[in-house]
Amino acid sequence: MNDILVLPLILYVPLAVFYLAVTVSAYRRKRLHQAADYFLIFYLALSFVEMLVLTLACLGILEIFIPPVKGNLPRYELLLLAGLFLNLSLLLFQKKGPGWTWLSLSLAWLLAVILLDINVFALPNVLWFGLPGGVYGIYRQHLSLVALLVGWGGLIIATGIFLRKTHRTARTVFIKNRVKYWAGALVVFSGGSLLIFFQIEQVGSLLLFLAALAIAYIVRTYRLPDLKVLAYKLISAALAGLLSLLLFTFGFLLGERLLGGYSWYQPVLSSVAMALMLLFSYNPLLEKTREIVQILTGEIYDRDRALREYSKSISSILEIDLLSTVAVGLISEALDLVGGALFLVDEMEVGVGASGWRLRGVKGMGDTLPNLDILTENNIFARIFAGEQRPLTQAEIELSPNFQTLPENVALWLHALDVEVFIPIHTQSEWVGLFALAPKHSGASYSHEDLELLETFADQTAVALQNARLVESLTRVNNEFRNAYAAMEAVHEKLERIERTKSDFISIASHELRTPLTVMNGYTQMLSSDDDLMENSYYAELIKGLLGGAERLHEIIESMLDVAKIDSRALELRTQPVSLDSVLQRIGRAFESDIHSRELSLVYEGLDDIPKIYGDPQSLEKVFSNLLSNAIKYTPNGGTITIGGRYIPTSAGLLEWEGVEIVVSDTGIGIDPHVQQEIFTRFYQSGDVSLHSSGKTKFKAGGAGLGLAVVQGVVEAHGGRVWVESLGRDEKNFPGSDFHIILPLRQPAYDADIFE
Ligand code: ADP
């Protein structure tokens, strides 16, 4: 083996091994359906082949196998690699299909070069061209090299033009940053290739290797560090290194100066001690240098101060809009952003057992902030924000295949926002908000540190956001309550108006009807006292009918007048001691014929024992005759009506004073519990109005609906109470009703002694 070739071998073999390792690792980590990954593997494998060829060339094995092409063999791959580079660029930045065109073109070109090399067309070794300045000759082998260079150069230039265009049209700084990285890789690749073309193969292949590593890194990584940040880091490291060196030298010299005179002083030991000291102080030194570099270049924000200020400012805000404005404002200021927005997230059911989220924009980068109506559980955004709870960058959205097919509403929403990064806001258990942040003013991309800071901001926002949302929903409930209350007030007022109209009507109608009725009554009386007429049975019947009708009308008008008086609180009681027993007996007798005709029985119980009360006998008569007539009306033939009474001492607690209780019970149809209070209001009718008949005591005869209103009015005017008890209305089983009336023995205006 030739001695000179050992050196390149030391380089090519490890490079080949590296390529192989990187290819295998890329293959194992490939993402299905992503063409760029396959092209990358292809690229790395081809680079491996390139190293293999160079190794074989060093070993002299190539000469045995393929003598005619051996000279250009390492360069063939360069053409293919350039084709692949262009293809990868298209894939990365256009997200189109694999784009075989360029690869096929480079393959065809390569084929032509190979044909030229093996001289299929049997061309002479030197080709002569007649040009205006004379005749020139070129070696056939050189011609193929030129062809290779032209093809390769064409591909590199095409890639360069494409990258320039992509950089100009890129919508986000992420993409621009990526293009910059990629362009760097292109420059290194081109340099390496050129060196190989001109046979400086060792350095060339080293550059190619660097380019391959860069390519693999860029294809595989979504979040590339900002180039500026990278530069800061490099400068800081260099400065820190320089400083360490200075410190070392200075320390060493100082040691020599101070201790050099002593016999035990050992320069070696002193330098080891210095080195150890520097070892421990290097990291803090580096940190400080980095900070200083960033402060000097105006790139740093004081992270802790920003955080403190942020939490102080937002913690007491309870209004969502304000919270959003302040939070987004402070974040934009801290990171020097163009703008940002806050979205509120509401979880909701979107089907059986499936949940989704609704995103409501609070403050926008523009005036209108689009809402995102439904983000279903299986959507990639929901998976990242709600599940993985991590930030999402625009670069990932544009480059990751997971985002290639988005539901239309999500795609539209995304398109309407110029967002560089999304930061979800989480409380312990739920996803409550989302920051959508625009690019930085400087155009620099978000660094890893930025994202970490933003996540801390988001954590601090969570509690404030939850409080503000709570207040928001409380305010909403409060408003709803206020509206409902206002509506209720309006209804109440309307009801009062109707009530007033009702009492006006009653009062006017009863007064207006009374006069003609009196006239009619007078004339009917006159007719009935005319013996000649009464002798004629036909006229007698007519007159009797007229008299009955007039009496019924009179009663109704009386009730109306009573109700009108009760309404206007003008009911006057002419009170005197009254024996309820005799009042009730009298009423019973008045209804005797009706009770008889309806085959009912009327029973009195315990009335003899009750004391006299102080009251208005006429009004009380109306009370009990209304109750008795109702009992008759609503009890079927054969039933029983019981009127019971008892004395109530003060100790019973039913009234302020001692009193009596009268209960009128029947075995009739009963009353529904939910109308038991309403029946005491004026005009209340529970039955069918069409069943009304003029008969006062027919079964379920119906009436004007005034009777119980008069009962209640009179009883309450006496300082008493009335209510009804019944199991319910049932026209088959007849549960019956019990009307309870409690009246005090005394009226406030009178003295107790009167009873003695
Ligand atoms: P009306 O003149 O229509 O009987 P009331 O004010 O006396 O008017 O009674 C109101 C309503 O109360 C009646 O329409 C009836 O439905 C119900 N009611 C009153 N008394 C009884 C009773 N003893 N049994 C069943 N229902 C009754």
**Asked** For the rings on Phe435 and Phe457, is their centre-to-centre separation under 6.0 Å?
**Response**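 Not under 6.0 Å, so no.
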**Request:** Taking the six-membered ring for Trp and the single ring otherwise, decide whether the centroids of Phe381 and Trp357 are under 6.0 Å apart.
**Result:** no
**Request:** Before giving the answer on side-chain contact (heavy atoms from CB on, under 4.5 Å), spell out for Arg164 and Ile161 the whole-Å C-alpha distance, their side-chain angles and the decisive distance to 0.1 Å.
**Result:** CA-CA 5 Å; Arg164 236 182 84 93; Ile161 292 174; 5.7 Å; no
**Asked** ring-ring contact (aromatic ring centres under 6.0 Å, His included) with Phe209: which residues, sequence neighbours excluded?
**Response**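 Partners of Phe209 under the ring-ring contact (aromatic ring centres under 6.0 Å, His included) test: Phe18, Tyr19.
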**Message:** Under the rule for ring-ring contact (aromatic ring centres under 6.0 Å, His included), what residues qualify as partners of Phe42, not counting sequence neighbours?
**Reply:** none
Donor-acceptor pairs under 3.5 angstrom involving side-chain atoms of residues 236-243: please list them, not counting sequence neighbours.
residue: Ser236; atom: OG; partner: Tyr232; partner atom: O; Å: 2.5

**Asked** Applying side-chain hydrogen bond (donor to acceptor under 3.5 Å, both in side chains), which residue pairs with at least one partner in residues 270-286 are found, sequence neighbours left out?
**Response** Tyr265-Ser270
**Prompt:** Quick one: side-chain hydrogen bond (donor to acceptor under 3.5 Å, both in side chains) pairs with a partner in residues 326-340, sequence neighbours left out?
**Reply:** Asp336-His441
side-chain contact (heavy atoms from CB on, under 4.5 Å) partners for [X], two or more places apart:
| X | value |
| --- | --- |
| Gln428 | none |
| Ser104 | Trp100 |
| Glu309 | Arg305 |

**Asked** Looking at residues at least two apart in the chain, or sitting in another chain, which of them share a salt bridge (charged side-chain N to carboxylate O under 4.0 Å, His left out) with Lys165?
**Response**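 With neighbours one apart ignored, the set is empty.
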**Request:** Mind jotting down which residue pairs meet the salt bridge (charged side-chain N to carboxylate O under 4.0 Å, His left out) criterion with at least one end in residues 181-190? Sequence neighbours excluded, please.
**Result:**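 Not a single pair qualifies under salt bridge (charged side-chain N to carboxylate O under 4.0 Å, His left out).
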**Asked** What residue pairs, at least two apart or across chains, pass salt bridge (charged side-chain N to carboxylate O under 4.0 Å, His left out) with a residue in residues 452-463?
**Response**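 For residues 452-463, and leaving out neighbouring residues, there are no salt bridge (charged side-chain N to carboxylate O under 4.0 Å, His left out) pairs at all.
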Mind listing the side-chain donor-acceptor pairs of residues 469-481 below 3.5 Å, one per line with the distance, residues two or more places apart or on another chain?
residue: Arg469; atom: NH1; partner: Val345; partner atom: O; Å: 2.8
residue: Arg469; atom: NH1; partner: Val432; partner atom: O; Å: 3.1
residue: Arg469; atom: NH2; partner: Val345; partner atom: O; Å: 3.4
residue: Arg469; atom: NH2; partner: Asp346; partner atom: OD1; Å: 2.2
residue: Ser473; atom: OG; partner: Arg469; partner atom: O; Å: 3.4
residue: Ser473; atom: OG; partner: Leu470; partner atom: O; Å: 3.0
residue: Thr475; atom: OG1; partner: Val471; partner atom: O; Å: 2.6

